[in-house]
Structures are given as structure tokens and as C-alpha cells.
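Data first, discussion second: the structure below is written as C-alpha cells.
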There are 2 protein chains.
Amino acid sequence: MTKSDRQISERTKSEAKTTAILSGAMKEFLQNGYAGTSMDKVAKSARVSKATVYSHFGDKENLFNAVMQDLVKDKFQQVMSLEKPQSLEQDPQVVLSGMMTKMLANIQNNRSFQDFMRIIIGESGRFPELAKAYVNNVAKPTIEILTKYLKSHPALELADPEATVRVMMGTMVYFVMLQEMLHGKDIVPLEGDRVIKTLTDLITEG
Amino acid sequence: MTKSDRQISERTKSEAKTTAILSGAMKEFLQNGYAGTSMDKVAKSARVSKATVYSHFGDKENLFNAVMQDLVKDKFQQVMSLEKPQSLEQDPQVVLSGMMTKMLANIQNNRSFQDFMRIIIGESGRFPELAKAYVNNVAKPTIEILTKYLKSHPALELADPEATVRVMMGTMVYFVMLQEMLHGKDIVPLEGDRVIKTLTDLITEG
DNA sequence: GTCTATAGATCGATAGAC
DNA sequence: GTCTATCGATCTATAGAC
């Protein structure tokens with residue numbers, strides 16, 4: 001083994017640790033929030049020593065931001081993958097209701113996405129820049145894609161597509177938030193399909 | 001001063017401490033969340049000793065629940081006060097848009113309400129019973145009042161008033177959440193009036 | 001780079017004086 | 001009932017060996 005081989009091997013090992021730390025920290029932060037997560041827990045979850053965590057990420061706040069920026073980048077990719085399937089479907093009513101059904105299914109049984117939203121909202125007071133990163137890289141692209149779609153269908157005769165998109169997104173987000181995140185499923189039960197049908201009808205029969 | 005006078009005086013003092021502790025704890029919990037708030041901070045904020053906090057509320061979790069139940073009760077009263085002003089207005093379009101304008105104004109510049117929502121959502125994973133208390137005592141009554149109103153106006157010809165109410169509430173909540181709580185005001189700017197007009201038109205021109 | 005061991009501060013909670 | 005003082009655990013972060 002040459003000297004440069006050893007360098008590569010060690011760099012690879014170090015990068016593997018970085019990944020393990022990010023992964024362990026992600027699990028802990030999503031589960032317990034920023035203040036509720038200790039660096040000991042992170043180290044244990046990543047199966048490295050606490051000193052290694054510090055040598056890779058400096059301090060707790062920096063690690064938290066790294067984890068969350070990774071997650072934001074992840075959600076950005078997911079949003080962008082919604083761009084292509086502008087299906088050949090012509091009927092906006094079918095397309096809209098199909099889009100929302102898909103969105104709802106993707107979120108409703110996705111615990112880790114709900115944990116992500118919980119952290120973004122819960123820590124938005126103490127980490128405003130994190131919240132802004134979410135708005136810039138997740139909410140804004142989603143709004144733009146939906147607005148672009150609504151605008152490309154003048155047959156809908158929407159007076160204000162931008163505001164209409166907010167109605168759509170708000171309806172979906174609030175539904176998942178109330179039923180799942182806030183555990184309202186059994187207290188104020190409601191079928192997601194009813195909400196989607198109502199919203200679709202409101203928009204297409206305006 | 002008789003013995004019973006002294007008892008009254010001391011009971012009054014003790015009750016004043018209870019109030020001070022609840023008030024100080026409320027400030028701290030709303031600002032820093034559950035894990036981010038220490039009992040030392042609470043004691044300092046309430047200007048009592050830490051031992052007094054413990055003698056009144058047992059432990060931290062109990063104090064947190066007491067504070068949040070107080071807040072939930074508060075919001076419940078606010079929701080209920082919306083019941084009466086079923087104005088003499090006949091035009092649902094005017095009533096709806098007026099109601100939502102009022103709701104938005106009440107929330108949009110209300111930092112403490114936003115902090116409250118942040119905690120409810122942020123802690124809903126570790127305090128599911130608190131989230132359920134919110135749904136039972138704030139979200140559900142609001143939904144019921146709005147549903148009752150929509151149902152009392154058959155002229156609106158709504159196919160599904162229950163689901164329509166979710167669209168309304170989701171739109172309002174998401175708007176405030178994105179613009180204010182998540183600091184999106186400058187990133188995805190939008191006039192609240194446009195959202196209200198769009199929503200009102202969708203519902204009344206359906 | 002990674003570990004063990006530990007410093008120094010702060011945590012939740014309590015004992016004991018008044 | 002309320003305080004000061006303190007306990008033991010846990011916290012963030014680092015020093016020093018390998």
C-alpha cells in the first residue's frame with residue numbers, strides 16, 4: 001500500500017464517518033428537536049465518539065444546520081421531480097385531483113416528512129434562516145410549479161392563479177397537519193378524498 | 001390580625017405566586033420550547049425560587065401542561081366569542097370575506113399566537129395529548145362554528161360544507177404560517193386580501 | 001482522525017432552615 | 001410556603017494519547 005493509497009483509504013473512512021454522523025444526527029434531531037438532542041445521543045446513534053462529531057462539525061448548532069440543509073435539499077429534489085409528469089391528460093379537473101391525491105398520499109403516511117415539518121415550524125423562531133431556506137427551496141418552487149400549471153390552462157378562467165395556489169397548498173398542508181401531526185384523525189375525522197373533490201370542484205367550477 | 005386573616009393573607013400570597021409562576025413559565029416556554037426552557041429560567045422569570053416552582057407544580061412536565069392548558073382555554077374563549085356576531089348582513093359573500101379578514105388581522109400581527117402554534121406543532125410529537133387538547137378545544141369548535149354558518153346558508157349550494165370549511169381554515173392557517181411564522185413575507189410576498197377574495201369568490205361563485 | 005477521559009457549566013429535583 | 005444550598009446526572013466542548 002503506497003502512501004497515496006493510505007491517504008485515499010483514510011479519506012474514505014473519514015467521509016464514511018461524516019455520513020454516519022449526519023445520518024445519526026438526522027434521526028435524533030427529527031425525533032427530539034434541537035434542544036432535546038444531546039451530542040452524546042448523536043455520537044451513540046452514529047457509532048462514533050463525541051470528539052469525532054465535534055472534529056467534523058465544530059459545534060452543535062453547525063451540525064443541526066448541516067442536517068437540516070441536507071433535508072431541505074432532499075425535499076427540493078422531490079418537488080422538482082413533480083415538474084416532468086405534466087401528463088398528456090387534457091382535463092384539468094382530472095389532472096388537479098390526480099396531483100393532489102398523489103401529494104396527499106406522499107405526505108399522509110410519511111412520518112419522517114411530518115417530523116421534518118414539525119422541526120421546521122417548531123424551530124422557526126430560534127432558527128429563522130432555516131425556515132427561510134425551507135421557503136426558498138421547498139415552498140417557493142412548489143408554488144411556482146403549481147402556478148405555472150394553473151396559468152397554462154386559461155380554460156380554468158382563474159382571476160388570480162397565485163392566490164388560488166395558496167388555497168390549494170393551504171388546504172393540503174392543513175389537512176395533513178390536523179389529521180396526522182396534531183393527532184386529530186379520531187377527533188375531527190374526514191376523508192381526504194372529500195377535501196380533494198371539494199377543492200377541485202371549487203377551482204374547476206368557479 | 002386574627003388567625004384566619006393570616007390564613008387568607010397567606011393563601012392570597014401563595015395564589016399570587018402561582019400566577020407569577022404560570023406567567024413566567026408561559027413566557028419562557030413560548031419563547032424556548034419545552035426542552036429549551038430550564039426551571040431556573042422559569043424561577044427567575046417569575047421572581048421566585050426554584051423550590052417554590054416545584055412546590056407549586058411538582059415537576060417540569062406538569063408545569064408545561066398547566067401552562068399549555070391555560071393557553072388552550074384562552075384560545076377556546078376567543079373562538080367562542082366569534083359565535084355571536086352573526087351579523088344582520090344577509091349577503092354571504094360579504095359575511096365570509098368579513099369573517100376571514102377579521103380572523104387574519106387577529107392572527108397576522110399576533111406574535112404570541114404564532115408562538116403558541118409553534119409550540120403546539122413543535123411539541124406534538126412528544127406531547128400528543130397537548131395536541132389533542134388543541135384539536136378538541138380550538139380547532140374543532142372553530143370548524144363547527146364555520147360549518148354551522150355554511151349550512152345555514154343553502155343559497156351557497158355547497159355540496160360538502162364540512163370539507164369546504166377545511167379549505168377555508170387551511171388557506172388562512174397556511175397563509176399566516178408561510179408569511180409570518182416561517183418568515184416568507186419577503187420571499188413569496190402576497191397580499192392577504194387577494195387570498196381572501198379568491199377564496200370567497202371560489203366559495204360563493206361555485 | 002479517532003479515541004478515552006475529563007473539565008466546567010447547567011440541568012431537574014430535593015433537603016433543611018425559617 | 002418560601003427560601004438557600006446542594007446533590008447527582010447530564011450538558012457542550014476540549015485536552016491529550018495513539
Side-chain angles (χ1 to χ4, degrees), chain A residues 1-29 31-68 123 126-127, chain B residues 1-29 31-68 123 126-127:
Chain A
M1 195 186 246
T2 69
K3 184 183 172 189
S4 90
D5 280 345
R6 233 178 297 119
Q7 280 176 351
I8 288 173
S9 166
E10 273 159 23
R11 193 182 61 214
T12 305
K13 260 192 227 164
S14 178
E15 281 171 8
K17 300 255 178 196
T18 302
T19 309
I21 294 167
L22 280 172
S23 165
M26 186 172 301
K27 176 170 174 281
E28 296 299 325
F29 280 131
Q31 204 162 88
N32 311 309
Y34 178 76
T37 297
S38 73
M39 295 296 259
D40 279 289
K41 277 189 206 164
V42 170
K44 201 168 214 173
S45 181
R47 297 167 189 275
V48 299
S49 77
K50 194 163 50 166
T52 301
V53 177
Y54 276 96
S55 84
H56 279 241
F57 291 95
D59 63 14
K60 185 183 174 181
E61 201 167 311
N62 199 53
L63 173 60
F64 179 67
N65 280 316
V67 164
M68 296 309 292
E123 308 288 357
R126 272 148 308 189
F127 293 91
Chain B
M1 197 186 242
T2 69
K3 184 182 170 189
S4 91
D5 279 344
R6 232 179 298 119
Q7 280 177 352
I8 289 172
S9 165
E10 272 158 22
R11 193 182 64 216
T12 304
K13 261 192 228 164
S14 177
E15 280 171 8
K17 300 256 176 196
T18 302
T19 308
I21 293 166
L22 280 172
S23 165
M26 187 173 299
K27 176 171 174 281
E28 295 300 324
F29 280 131
Q31 203 161 88
N32 310 309
Y34 178 76
T37 297
S38 73
M39 294 298 259
D40 280 288
K41 278 189 206 163
V42 170
K44 202 169 214 171
S45 182
R47 297 165 188 274
V48 300
S49 77
K50 192 162 55 166
T52 301
V53 176
Y54 276 96
S55 84
H56 279 240
F57 290 96
D59 64 14
K60 185 182 175 182
E61 200 168 313
N62 200 53
L63 173 59
F64 179 68
N65 280 316
V67 164
M68 297 309 293
E123 308 289 355
R126 272 152 312 214
F127 293 91

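Remember, predicted model here, so these are calculated numbers, not experimental data. Computed over heavy atoms, backbone and side chain alike; hydrogens, waters and symmetry mates excluded. So that the names make sense, note that chain A is the first sequence line, chain B the second, and so on, each numbered from 1.
Minimum heavy-atom separation, A:Lys60 to A:Thr37: NZ-O, 2.7 Å. Of all heavy-atom pairs spanning B:Asp59 and B:Asn62, the tightest one is OD1-N, 2.9 Å.
Following rounding to the nearest Å, B:Phe29 (CZ) and C:dG12 (P) show an atom-to-atom distance of 9 Å. The nearest whole Å value for the distance from the CZ atom in B:Phe57 to the P atom in D:dT2 is 11 Å. A straight line from CG of B:Asn32 to P of C:dG12 spans 12 Å, rounded to a whole angstrom. The NE2 atom of A:His56 sits 8 Å away from the C1' atom of C:dT2 (whole-angstrom rounding). For the pair B:Met39 CE and C:dA9 P, the computed distance is 23 Å after rounding to whole Å. Rounded to an integer number of Å, the gap from CD of A:Glu15 to C1' of C:dG1 is 13 Å. Computed from coordinates, the B:Lys44 NZ to C:dC11 P distance equals 10 Å when rounded to whole Å. Computed from coordinates, the B:Lys50 NZ to D:dT2 P distance equals 17 Å when rounded to whole Å.
The aromatic rings of A:Tyr34 and A:Phe29 sit parallel to each other, their planes meeting at less than 30°, with 60° as the upper class boundary.
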query: Passes side-chain contact (heavy atoms from CB on, under 4.5 Å), B:Thr18 versus B:Phe57? Steps please.
result: CA-CA 9 Å; B:Thr18 302; B:Phe57 290 96; 3.8 Å; yes
- request: Decide yes or no on side-chain contact (heavy atoms from CB on, under 4.5 Å) for B:Phe64 and B:Glu123, but give the supporting numbers first.
  value: CA-CA 11 Å; B:Phe64 179 68; B:Glu123 308 289 355; 4.1 Å; yes
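At least one side-chain nitrogen or oxygen of B:Tyr54 sits closer than 4.0 Å to the OP1 or OP2 atom of C:dA13. The phosphate of C:dT10 (OP1 or OP2) has no side-chain N or O of B:Ser38 nearer than 4.0 angstrom. For D:dG1, neither phosphate oxygen OP1 nor OP2 lies less than 4.0 angstrom from any side-chain nitrogen or oxygen of B:Ser55.
A residue-by-residue look at B:Ser49 and A:Asp40 shows that B:Ser49 has its nearest nucleotide of DNA chain D further toward the 5' end. Between A:Ala51 and A:Tyr34, the residue whose closest nucleotide on DNA chain D is further toward the 5' end is A:Tyr34.
For B:Lys17 against D:dT2, no side-chain N or O and base N or O form a donor-acceptor pair under 3.5 Å.
Across all strands, B:Thr18 comes closer than 4.0 Å to no nucleic acid atom at all (heavy-atom distances).
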